[in-house]
Amino acid sequence: MNQDKKAYVFFAPGFEEIEAITPVDILKRGGVKVLMISITDELKVKGAHNIEIICDSLIEDMDENILPDAIIMPGGMPGATNLANCKKLEEFAKKCFNEKKLVCAICASPAIIFGTFGLLKNKNWTCYPDMENNAPEADVKNWNTNPVVVDTNLITSRGPGTAAAFSYTILQELGLSEKSAALQKGMLFI
């Protein structure tokens, strides 16, 4: 059942608000238990447009042995860079990736974070225009301009305008396609 599904969304100073809150909202509507996690030492994190979000937990308090079904990294600058520089997040993301959990990023984050973490190797992916040049050169060959790209357990998306499509795709990949379709209809996405 969908109440068994869990997702973590990671917040760093300078996150893109739409890309962070849209997946939190849509996944919660889909019945997924969502935990908002600050990578700082404070629960309150300020976004790129000075909107403050109060997270549920700190990354330091996270049990890295308990893996959610999906982890999500919003973009925004310097939010993506701040996430990429978090060693605990890097270790956790690699563990989730290797355990075939969904590892998701949007906007600058696929290139900045997944490129830094080495998760783009031989994967098809997308990101915000021109940010692909921040990924390792070998990974750029698999970059494309689709709004959302799924390659095995890696989900990437382009930016604020694709945040809803990104979120519905995560629901679908969590096995909640019917819920995703109902939400898309009810929220006038389709």
Side-chain angles (χ1 to χ4, degrees), residues 2-97 99 101-117 119 127-128 131 153-157 159-164 166-171 173-174 176 183 187:
N2 48 348
Q3 58 262 41
D4 296 330
K5 300 293 183 182
K6 293 183 177 96
Y8 294 174
V9 181
F10 291 92
F11 288 76
F15 68 90
E16 168 53 54
E17 292 90 344
I18 290 172
E19 297 164 359
I21 296 305
T22 303
V24 169
D25 182 279
I26 289 175
L27 268 60
K28 282 188 175 197
R29 289 176 193 237
V32 176
K33 183 176 181 186
V34 179
L35 194 63
M36 299 187 304
I37 300 176
S38 168
I39 68 158
T40 73
D41 58 359
E42 294 183 27
L43 291 175
K44 190 185 299 183
V45 184
K46 188 181 287 189
H49 301 98
N50 296 316
I51 298 172
E52 292 183 332
I53 296 295
I54 299 173
C55 292
D56 302 306
S57 181
L58 303 176
I59 195 167
E60 287 306 316
D61 297 332
M62 180 182 73
D63 183 346
E64 58 270 359
N65 295 312
I66 298 173
L67 303 182
D69 300 287
I71 60 171
I72 301 162
M73 286 149 228
M77 293 301 279
T81 302
N82 290 332
L83 289 172
N85 290 332
C86 179
K87 290 302 174 196
K88 186 163 185 171
L89 178 58
E90 179 175 3
E91 292 166 12
F92 189 70
K94 287 178 179 178
K95 187 173 186 177
C96 289
F97 182 78
E99 293 293 325
K101 303 300 182 181
L102 296 181
V103 179
C104 315
I106 186 169
C107 197
S109 290
I112 302 276
I113 300 171
F114 290 173
T116 299
F117 293 178
L119 303 181
C127 68
Y128 194 81
M131 292 306 294
N153 61 322
L154 190 82
I155 302 175
T156 55
S157 191
T162 64
F166 174 63
S167 303
Y168 294 128
T169 300
I170 295 169
L171 270 181
E173 293 299 313
L174 286 171
L176 302 170
L183 285 171
M187 295 173 78

Worksheet entry | Worked verdict on F114 versus V103 for side chain to side chain contact (heavy atoms under 4.5 Å, CB included) | CA-CA 9 Å; F114 290 173; V103 179; 3.3 Å; yes
Measuring from [X]:[atom1] to [Y]:[atom2], what's the distance to the nearest 0.5 Å?
X	Y	atom1	atom2	result
I106	T162	CD1	OG1	4.0 Å
L89	I59	CG	CD1	5.0 Å
L35	K6	CG	NZ	10.0 Å
L102	L154	CG	CG	9.5 Å
N82	I39	CG	CD1	5.5 Å
N85	E90	CG	CD	9.5 Å

Worksheet entry | Main-chain N/O of P74 paired to S109 side chain as donor or acceptor, under 3.5 Å | yes
Item to complete: Please work out which of the three classes, parallel, tilted or perpendicular, describes the rings of Y8 and F92, given edges at 30° and 60°.
Response: parallel
Which pair of heavy atoms, one from [X] and one from [Y], lies closest together, and at what distance?
X	Y	answer
V45	F15	O-CE2, 3.6 Å
I112	A84	O-CB, 3.7 Å
L174	A70	CD2-CB, 4.3 Å
M77	A80	SD-CB, 3.9 Å
D69	K5	OD2-CA, 3.1 Å
F117	L83	CZ-O, 3.9 Å

Worksheet item: Do other residues, nucleotides or ligands put more than 12 heavy atoms under 6.0 Å from the NZ atom of K88?
Response: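 It does: K88 NZ has more than 12 such atoms within range.
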Discussion item. Would you say that more than 12 heavy atoms from the other residues, nucleotides or ligands in this model lie under 6.0 Å from the OH of Y128, or not?
Written reply: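 It does not: Y128 OH has 12 such atoms or fewer within range.
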Item to complete: May I have the step-by-step check of side chain to side chain contact (heavy atoms under 4.5 Å, CB included) for I26 and M187, ending in yes or no?
Response: CA-CA 10 Å; I26 289 175; M187 295 173 78; 4.0 Å; yes
Practice prompt. Kindly state each residue pair satisfying side-chain hydrogen bond (donor to acceptor under 3.5 Å, both in side chains) with at least one member in residues 21-32, sequence neighbours excluded.
Written response: D25-R29
Discussion item. By the side-chain hydrogen bond (donor to acceptor under 3.5 Å, both in side chains) test, which pairs, at least two apart or in different chains, include something from residues 45-61?
Written reply: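 Applying side-chain hydrogen bond (donor to acceptor under 3.5 Å, both in side chains) to every pair that reaches into residues 45-61, excluding sequence neighbours, yields E17-H49.
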In the structure I gave you, are the side-chain heavy atoms of [X] and [Y] within less than 4.5 Å of one another anywhere?
X	Y	value
E16	C107	no
I37	C55	no
E91	K94	no

Item to complete: With side chain to side chain contact (heavy atoms under 4.5 Å, CB included) as the test, would you mind laying out the steps for L27 and I72 before giving the verdict?
Response: CA-CA 11 Å; L27 268 60; I72 301 162; 3.8 Å; yes
Discussion item. If you apply the rule side chain to side chain contact (heavy atoms under 4.5 Å, CB included), what do you find for K95 with N65, and how did you get there?
Written reply: CA-CA 9 Å; K95 187 173 186 177; N65 295 312; 3.1 Å; yes
